[in-house]
Structures are given as structure tokens and as C-alpha cells.
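Have a look at the structure below before the remarks.
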Amino acid sequence: MSNTESNPALFESRECPVIDGQRLIQHLASRTAEVGGIPINRVLPQRGRRLIGAWCFLDHAGPAVFSVDSQGMRVGPHPHTGLQTFTWMLAGNILHRDSLGSEQVIRPGEVNLMTAGRGIAHTEESLASESRLHAAQLWVALPYAHRHTQPRFDHYADLPRWQEQGVDITLLTGALNGREAPILAFSPLVGADLFADAEATVRLNLHSHYEYGVLVLEGGLRIGQDRFAPNELAYLGCGLDDIALELDASTRVLLLGGEPLNEEIFIWWNFVGHSKVEISQAQQEWVAGAARFGEVPEFDGDRLMPPPLPWRLAADKRTKR
């Protein structure tokens, strides 16, 4: 979930300058927050970078260990529009329920993909038997032409996995180094998890027309002369045909990329839209309990409610003067 308002990313630079023969890499730090009782590091969106391809949101949840009296993670019914939620599970088990009637436990090494389209609601809960949680929660912005597509839910337990140059690679979506993942996508994307048990350097083939970023989940990463620690993102920009990643021992990184979306994207709370009008309408309908989002069955708890729209607050302040 997000309480972030993200302005259009159309004019955000995707160029990493080259100085004295060295390509500069944008360093992006995360900020801490809490979702459903779990501490998270929020990487996207932020002032310095709002999109990588159509990837528009990235939370790194955990690694967390629940206390004995903790309920673990528990996120009540909340809505989404104009996006796909993409959950990559590393430790623990989470139960997903949605207003389509889907009910799915996601386990380590699996991906849950929920396409919100015109509107959907869902809940997320860690299982009662769980004491740990570690996951990456991402959103993919739907292109304008697909923003009102029918909602659906897909679960992927069997992903392409292989070892290359001493690195274990799991392809989460798109194509990489001759492999392809059968994941539903509405724009050209790539996502991959890379883990090195011992120090290793892996060279990856890239699409020069994609933009790329690499997030350190655990351990340490070097790209050329640049070093990155956990929850730091290296934005690589466009124009690269390949990249060499130097991973420290016990390092896990997340590679994200895609064709630049080149469309205006706004994010507020759990909504993604192509205008403030779209988001305002979705928020009004959720607050009013409209049938657009449906109901999530078998959840013992209240629906989550959004904060006031920031642009409406601005208008109210002007009115009172």
C-alpha cells in the first residue's frame, strides 16, 4: 500500500552521463515505513526516480521475525486500480484473498500476480504458523490502453531457474540471457532475482532500449567503481547492451527493467491512474462501498480507508482563504 502521490514521470531523465569514459550510476536510497505491522523499505516511487519501465512501486519487506505475541502481517481489504501487484516471496507464507474469489498461499520461490485493471480489492495475511517474512512487493503500471482491463489473479509456482557464472538466477518476468518467463505482462518488462553464495561476477545481456535498475536485497554489490548496500538501488538508465554485476558472498539482488512507458502516471494510496480525475473517482467509489471493487470474503476485519486526496485538500484550503 502507498500513501505517496507520484507526479508524471514523462520528463524524468533516463540518461546516465558518461564522464572521462566512466558511466555514472544513479544511487537511490530507500525510506522506511510499515505495512500491515511489518517494517518495509520503500524504494519506488521517490523524488529521484518514479518509474523503471512500467515498474512504478517497490517495497522490500523484511527480513522480519515475528514475536511470539505478534499477529504477523495482516493487511485488511483495500482496493487497487490501473496496475498489477507483483509479489516475489523469499521467506514465509502469505495468504492472498481477493474480490474475485481467489484464495492462494504464496510460498518462497513463487510469484503472485494480481491484475487490478478497472478495480479489485484484496487482503494479505501471514499464516498463523509463520514466524518469518521476506518478500519484494512491486506494482506494474498498466498502459493507458489497458488501464480498465478486466481484473484477474494468476499464481506462478514454476519459474525459470538456472546457475550462471556462480550465480543462482530466477527469472520472474520477461526474458534474460536466453530464457523467458511465462508471466502475463501488458508492456515489455524484465525482472530477475540473483543470489551468490560466494563472491561472483555475472555478466547479463541487456536490451539497449530498456531502462534498468538493480536493488540490493541482502549483501553487497559492485558495478564498476560503485558499491551498493542493502536497500540501495542502482539506476542504470537506457542504452546498455550488457552489464557486469560483482556480488559479495551471500548477496541477493533484484534486477528490474523495461521499455520506458512514456505515459503520465499518478499514484495515490493504492490507486494508479493516468489522471487525477481517474484516481479521485476510484477513491470516491471505494469510500462509498460501490460495487466496482467487490467484497473480499472470509476476512475478519474492517476495510482500509484512504487519506484525503491531496489536491482536494489544496482546493479546500484555497476556498477557506
Going by atom types only, do [X] and [Y] share a side-chain donor-acceptor pair under 3.5 Å?
{"X": "Thr201", "Y": "Glu246", "value": "no"}
{"X": "Trp88", "Y": "Thr170", "value": "no"}
{"X": "Asn112", "Y": "Gln104", "value": "no"}
{"X": "Trp269", "Y": "Gln283", "value": "no"}
{"X": "Arg31", "Y": "Gln46", "value": "no"}
{"X": "Ser30", "Y": "Asn41", "value": "yes"}

For [Y], does its backbone N or O pair with a side-chain atom of [X] as donor and acceptor, under 3.5 Å?
{"X": "Arg161", "Y": "Gly109", "value": "yes"}
{"X": "Thr251", "Y": "Gly220", "value": "yes"}
{"X": "Glu298", "Y": "Arg97", "value": "no"}
{"X": "Trp55", "Y": "Gly257", "value": "yes"}
{"X": "Asp98", "Y": "Leu100", "value": "yes"}
{"X": "Arg303", "Y": "Trp286", "value": "yes"}
{"X": "Gln165", "Y": "Arg203", "value": "yes"}
{"X": "Arg292", "Y": "Arg118", "value": "yes"}
{"X": "Glu180", "Y": "Pro160", "value": "no"}

Same apolar cluster (I L V M F W Y, side chains within < 4.5 Å links), [X]/[Y]:
{"X": "Ile52", "Y": "Val111", "answer": "yes"}
{"X": "Val140", "Y": "Tyr156", "answer": "yes"}
{"X": "Leu127", "Y": "Met73", "answer": "no"}
{"X": "Leu159", "Y": "Phe195", "answer": "no"}

Within the supplied structure, the quantity of interest is the number of heavy atoms (other residues, nucleotides, ligands) at a distance under 6.0 Å from [X] [atom1]; does it exceed 12?
{"X": "Tyr144", "atom1": "OH", "value": "no"}
{"X": "Asp158", "atom1": "CG", "value": "no"}
{"X": "Glu295", "atom1": "CD", "value": "no"}

Checklist outcome for this item: Exactly one candidate in Phe293, Phe86, Phe271, Trp139 meets ring pair (Phe, Tyr, Trp, His ring centres under 6.0 Å) with His80; the answer is Trp139
With a 4.5 Å heavy-atom cut-off, do [X] and [Y] have their side chains touching?
{"X": "His146", "Y": "Thr115", "value": "no"}
{"X": "Phe57", "Y": "Leu83", "value": "no"}
{"X": "Pro143", "Y": "Glu263", "value": "yes"}
{"X": "Ile183", "Y": "Leu171", "value": "no"}
{"X": "Glu278", "Y": "Arg147", "value": "yes"}
{"X": "His122", "Y": "His78", "value": "yes"}
{"X": "Leu194", "Y": "Val214", "value": "no"}

Give me the one residue out of [options] that meets side-chain contact (heavy atoms from CB on, under 4.5 Å) with [X].
{"X": "Tyr210", "options": "Val190, Leu236, Leu240", "result": "Val190"}
{"X": "Ile94", "options": "Gln137, Arg107, Met89, Glu125", "result": "Met89"}
{"X": "Ile243", "options": "Leu255, Val202, Asn205, Leu204", "result": "Leu204"}

Item to check | Full working for side-chain contact (heavy atoms from CB on, under 4.5 Å) between Asp248 and Leu221 | outcome: CA-CA 6 Å; Asp248 294 344; Leu221 168 70; over 6 Å; no
Checklist entry - Minimum heavy-atom separation for Thr81 to Ala282, with atom names? => result CG2-CB, 4.0 Å
Checklist entry - Taking all atoms of both residues into account, what is the closest heavy-atom pair of Val272 and Ala141, and its distance? => result CG1-CB, 4.2 Å
Checklist entry - Between Asp193 and Arg252, is there a side-chain N and carboxylate O pair less than 4.0 Å apart? => result yes
Checklist entry - Going by an N to O cut-off under 4.0 Å, is there a salt bridge joining Asp300 and Arg74? => result no
Checklist entry - With respect to His60, which candidate in His134, Glu218, Arg42 satisfies the side-chain hydrogen bond (donor to acceptor under 3.5 Å, both in side chains) definition? => result His134
